[in-house]
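Read the structure below first, then the notes.
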Amino acid sequence: MAVSDQPGYRNIREPESITPPTPPTPPDGASAPGSVAKAVAVQDRLRPLVDLVGPGPAVPATVAGLDVAYAESGDRLAAAVTVLDARTLVVVESAVSVGRPAFRYVPGLFAFRELPALLDALDRLTTRPELLVCDGHGLAHPRRFGLACHLGVVTDLPAIGVGKTPLVGDWRPPADVRGAWSPLRDGGEVVGRVLRTRAGVKPVFVSVGHRMSLDNATTQVLALTPRFRLPETTRAADRLCRDALAAAASS
DNA sequence: GCGACAG
DNA sequence: ATCTTGTCGC
C-alpha cells in the first residue's frame, strides 16, 4: 500500500525543496529524511526499540522540558531544553539551538521537523536529565512512534509526551477534578491518558515515550503541574525558545 | 467522496 | 506553530 493511501494521511506530498542538500544520512534516526516515505521507514525501523516497560524513575532528581518556537515566516526556529529540579521545579540549566525546520509539517511525522534542533540543544547541556517531557505525543501516534518515542529512543532517556490536543484515539472527558483521567484508546489499545491537570480547564494528553509506564508518566505530569495546565518544564522551555527566537531576530 | 490530522 | 479582538478574572 502506498503511503498516500494509508488511512489518516491525505495531502501527503514529497517535501519538495524545503530540505537543503542533505549530507550523508546517519543511521541513528536523528537526521531529516528526504521524503515522507523515508520518514515513515525510519519510524518503522525505530519503533521496536521503544522500551514499553519502564517503569522509569519514581523520584527523578531532574526533569527536562523541550519545546520549539517558529518565526512567523516559518523558515526559522528555536529549540529549547530546560532542566528543572524535579522537587522544587526550579530551572537548574537550559540550552537553546536556533536553526531551520528540518522537515515540513506533516501530522504523524512531526518529530522530523523538530528533532535535529532539539537534539542539538540537548547536546549543549552539561547535565543529563533523568526524564524528558516532550511537547507532543509518544505512543498516541498512528504508528505508535511520536516525538516522545523518537526522542527517547535516540537519547535512550526516559521520555513522555504531553500533548495539548489529540492526534489519534477516542476518549471521554475526565471528571472536572485535578488528577482525574480517562483512557485514550486507538485501534483497540490504550495509547495514553486524557489527564485533567486543573479543574475547569481543558485536559492534556499524556502518553509514554520511552522507558516509562503510563502510570508513572501520569504521576510525573501531575507533579509538574501544581498550578497550571501544562507542565512547568514545558512552560519554561516555551518561554526560553520564544525569547531566543526574538533575540535571534533582532541580532 | 467527506472528515480528521501533535506542533 | 503563528496571527488575531475581545473578554473574564485574579
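Nothing here was measured: the structure is a model prediction, and the numbers come from that model. Numbers restart at 1 for each chain; the letters A, B, ... are given by sequence-line order, proteins then strands.
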- Separation of B:dG7 C1' from A:Arg242 CZ (nearest whole Å): 12 Å

- Message: Looking only at the side chains, is there a donor atom on one of A:Thr197 and A:Arg229 sitting less than 3.5 Å from an acceptor on the other?
- Response: no

- Is A:Arg235 close enough and on-axis enough to A:Phe228, meaning under 6.0 Å and within 45°, for cation-pi? yes

- B:dA6 P sits how many Å from A:Leu167 CG, rounded? 6 Å

- Message: Under 4.0 Å, counting only non-hydrogen atoms across every strand here, what does A:Gly163 touch: a base, just sugar-phosphate, or nothing?
- Response: sugar-phosphate

- Note on the structure: When rounded to the nearest 0.5 Å, the distance separating CD1 of A:Ile160 from OG1 of A:Thr218 is 8.5 Å

- Would you say the side chains of A:Thr225 and A:Glu232 form a donor-acceptor pair under 3.5 Å? no

- Item | Salt-bridge criterion met for A:Asp67 and A:Arg242 (N-O under 4.0 Å) | no

- Item | Salt-bridge contact A:Asp156-A:Arg211 (side-chain N to carboxylate O under 4.0 Å) | yes

- Can you tell me if the side-chain N/O atoms of A:Lys164 get under 4.0 Å from OP1 or OP2 in B:dA6? no

- When the aromatic ring centroids of A:Phe110 and A:His141 are compared, is their separation below 6.0 Å? no

- Query: With a 4.0 Å cut-off on heavy atoms, is A:Ala69 in touch with a base, just the backbone sugar-phosphate, or nothing at all?
  - Reply: sugar-phosphate

- Message: Regarding A:Leu147, tell me which of base, sugar-phosphate or nothing describes its non-hydrogen contacts under 4.0 Å with the strands shown.
- Response: base

- Task: Round to the nearest Å and state the distance from A:Asp238 atom CG to B:dA6 atom P.
- Result: 17 Å

- Note on the structure: When rounded to whole Å, the CG to C1' distance for the pair A:Leu151 and B:dA6 reads 14 Å

- For DNA chain C, the dot-bracket notation using Watson-Crick and G-U wobble pairs below 3.5 Å, [ ] for pseudoknot-type crossings and | for other-strand pairs, is ..........

- Task: Round to the nearest Å and state the distance from A:Phe103 atom CZ to B:dA6 atom P.
- Result: 16 Å

- Task: Give the first and the last nucleotide of DNA chain C, reading 5' to 3', that has any atom under 4.0 Å from a heavy atom of chain A.
- Result: C:dA1 to C:dT2

- In whole angstrom, what separates A:His150's NE2 from B:dA6's C1'? 15 Å

- Minimal heavy-atom distance between A:Asp85 and A:Thr88, with the atoms involved, is OD1-N, 3.0 Å

- Message: Whole angstroms only, please: what is the CG-C1' distance between A:Leu245 and B:dG7?
- Response: 14 Å

- Message: Ring-plane angle category for A:Phe145 and A:His150, please: parallel below 30°, perpendicular beyond 60°, tilted otherwise.
- Response: tilted

- Query: What integer distance in Å separates A:Arg143:CZ from B:dA6:P?
  - Reply: 13 Å

- With respect to the phosphate group of B:dG7, does any side-chain polar atom (N or O) of A:Tyr70 fall under 4.0 Å of OP1 or OP2? no

